[in-house]
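For reference, the structure is listed below as structure tokens.
For the numbers below, each heavy atom of this structure counts, side chains included, while hydrogens, waters and symmetry mates do not.
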Amino acid sequence: MTRFLILMIAVSCTAIRSNGQYIEVPTQIQFGDMTLNITNDGRRKLQEEVEIITKSSAHFQRKVDLANQYFPIIERVFREYGIPDDIKYLVIQESALIPDAVSSSQAVGYWQFKDYTAMEVGLRVDQQVDERMSITASSIGAARYMKKNNLFFNNWLYAVQAYQMGPGGAMKVLDKKYYGAKKMDINANTYWYVLKFLAHKIAYESAVGLAPPSIELYEYMDGTNMTLRDIARETGVSEEALEPYNKWLKRGKVPDDKTYAVIIPAAGPVDDRIVSRPDPAKTEKISWASPSVPEFDELNEAGSFPIIEKHRTYTDENPIYKINNKPAIIAQDGDRLTTLADRGTISMDKLLKYNEITTSHKVKSGDIYYLKNKKNKARVHYHVLQENETLWGVSQKYGVKLGQIKTKNRITEKKGPEVKPGLVLWMRFVRKEDIKPEYRNIESIGKPPVIKDKQAKIENPNTEINEVIEPEPAVAQVQPAKDGLKYAEENTEPPIALSDSITNLPPVEQPSETLSTIPAETEPFQFQKTEKWIVHEVRKGETLSSISRLYEVKVMDIVEWNNLKINEALSIGQKLRIQSWEPNTTIIPEQENKNSQDTVIYYTVQKGEGLFKISRDFEVTIKELMEWNDKEDFELKEGEILKIIKR
């Protein structure tokens, strides 16, 4: 009997049944570069969480199926950013891999970003695009956020906790002795969010990847200026099938401000699919991703590029061309970058950006320089690299971004095909990993381009486009914060316990009118809002988001008031101007206070206001506000009436 009871207790404490298999909570797990030892009470707590996760076999399996689809994309992003693969299980906890999931705090998407947080990690959020609902973009945002968090702690488990609390909040509660730790104990007192995450890791890592997904997801990078309907026609996947995976594109065409990944669902290998399937008997058998390089004669059309025409603004004094349908100029003898920028009437920064060059670039007569962003793909599928031809030269020839050419051909600093004459460059689609790079014998692929004039057949002397020297890649110059760190956005509401130290911030301007005391016999009076400014000095761990919540103002207002950029890192000691207001206030004396020096104010809560802002405006404490109004929590509603006693 005793042995039976021991056995039953052991089973109930260490394993549960899911999909016919037991998932056992171990005494030790590996997480990233860390070893986590799980205490007995920690195992019991984790077991409870795992049991909740796997309680419904059908629900659990649905999430496993989604993970099998989405994880390859997340894994690729995390590898590129150096994020531990284990953190991918957090996406299940955050959103259950529902693209348009919205939390009670208005966090949205796969990785549950608030709008200002998303913008701070480089995501676009507006009426046309919401990248929080893009698995590729939001995973990049999550990777950036995690990486910045780990700069503070050098502890990936702490970085996970900071994902929920924000780095500032995490710093207040985390034990500094574990900064940089490679071993930690997990017990019942471990932060709930971390325990829940570890339970997700334990539950799903034993089930995900056991079978191939029924639907594979591919990232399509060539959708610029195309609608989902256009992409459906090009890929052969119905628009209805595309929509659930691409809710980030809220309307219109895929923008051209950067490269966006359109997710293409495919039931089976992409190589076996065709462009469109209206009638299988009549459809040409062409693979969507063009997996094989065509015969050499199909490359001949590359010889007609670049397509050069005179721009509508062309003059002999200022020859502006339309090259590959983009405004551009052709360098002449004696030209420098400054003269090119002047002739194109654009700034030097834009000239460098549009042409992917640096200030050290050497201008050669005959080089093409674009006055607008180049395209993401060429009108031809392939180009054979010629003698003395560079990738940058090819990008200028076709008006295609250099980074896109490298992406399509899987060329990175560490790996990729050898870039040498004869390499067949993919110019329209991404070469699949299982298709080996191909090299051809170099042959002439066409006549030199001729500059066309629609009014008359005129040949310009600069018809032959010289080869160019590929410049060093441009490196963004980033000003580090004073302590060498950048601060990530906090992901959730800050702790309620707020510091009183900000009350000593010096005002920039005194308010033009202050709240006055009204005698008891005075009729109720409505004050107007009066503008005032205060100065906030940035402390370690603070971000635009945490500061906005501290003063209960909008992130974008702080950005505008201080002429900042949304993704600009704050420095310790940096001073920010914050606009504040005297409140709209109704003062109504109470009968019981007629013989008192106190004045009782009944204040109507405005939209977005919290106890901290109101306590600051009226120079009272949060504790007093809660006592005067018999409040048991910190929640306020718009229109709520608060009693305030002014002494």
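- The shortest side-chain heavy-atom distance between Y369 and H361 falls under the 4.5 Å cut-off.
- Here F197 pairs with F31 under the ring-ring contact (aromatic ring centres under 6.0 Å, His included) rule; sequence neighbours left out.
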Please walk me through it: do D257 and R124 pass salt bridge (Lys or Arg N to Asp or Glu O under 4.0 Å)?
-> CA-CA 10 Å; D257 59 314; R124 178 173 169 177; 3.1 Å; yes
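- Closest heavy-atom contact between P255 and L249: CD-CD1, 4.4 Å.
- Of all the heavy atoms in F78 and S139, the pair that sits closest is CE1-O, 3.9 Å.
- Rounding to the nearest 0.5 angstrom, the gap separating the CE atom in M348 from the NZ atom in K353 is 16.0 Å.
- E627 and K643 are not joined by a salt bridge, as no carboxylate oxygen comes within less than 4.0 angstrom of a charged side-chain nitrogen.
- A pairwise comparison of heavy atoms in V254 and G223 identifies CB-O, 3.2 Å as the closest pair.
- Ring geometry, Y191 versus Y193: the interplanar angle falls from 30° to 60°, so the pair is classed tilted.
- Ring centers of Y110 and Y70: under 6.0 Å apart, within the cut-off.
- Other residues, nucleotides and ligands place more than 12 heavy atoms under 6.0 Å from the CD atom of Q28.
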May I have the step-by-step check of side chain to side chain donor-acceptor pair (under 3.5 Å) for E131 and S138, ending in yes or no?
-> CA-CA 6 Å; E131 288 191 292; S138 65; over 6 Å; no
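- Under the 6.0 Å cut-off for aromatic ring centres, Y179 and F153 qualify, their centroids lying closer than that.
- For residues 77-92, the salt bridge (Lys or Arg N to Asp or Glu O under 4.0 Å) pairs, not counting sequence neighbours, are E75-K88, R76-E80, D85-K88, D86-K201.
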Step by step, would you call Y245 with Q69 a side chain to side chain donor-acceptor pair (under 3.5 Å)?
-> CA-CA 11 Å; Y245 297 96; Q69 292 179 36; 3.2 Å; yes
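- Note on K196 versus E49: no salt bridge recorded, every NZ/NE/NH1/NH2 to OD/OE distance being 4.0 Å or above.
- Residues Y89 and F71 bring their aromatic ring centres within 6.0 Å.
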For K374 and S395, run side chain to side chain donor-acceptor pair (under 3.5 Å): C-alpha distance rounded to whole Å, both residues' side-chain angles, the deciding distance at 0.1 Å, then the answer.
-> CA-CA 8 Å; K374 292 180 284 185; S395 79; 3.2 Å; yes
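- Scanning both residues, N155 and G180, for their nearest heavy atoms gives CB-N, 4.3 Å.
- Applying the salt bridge (Lys or Arg N to Asp or Glu O under 4.0 Å) rule to pairs touching residues 96-105 yields D100-K247, sequence neighbours excluded.
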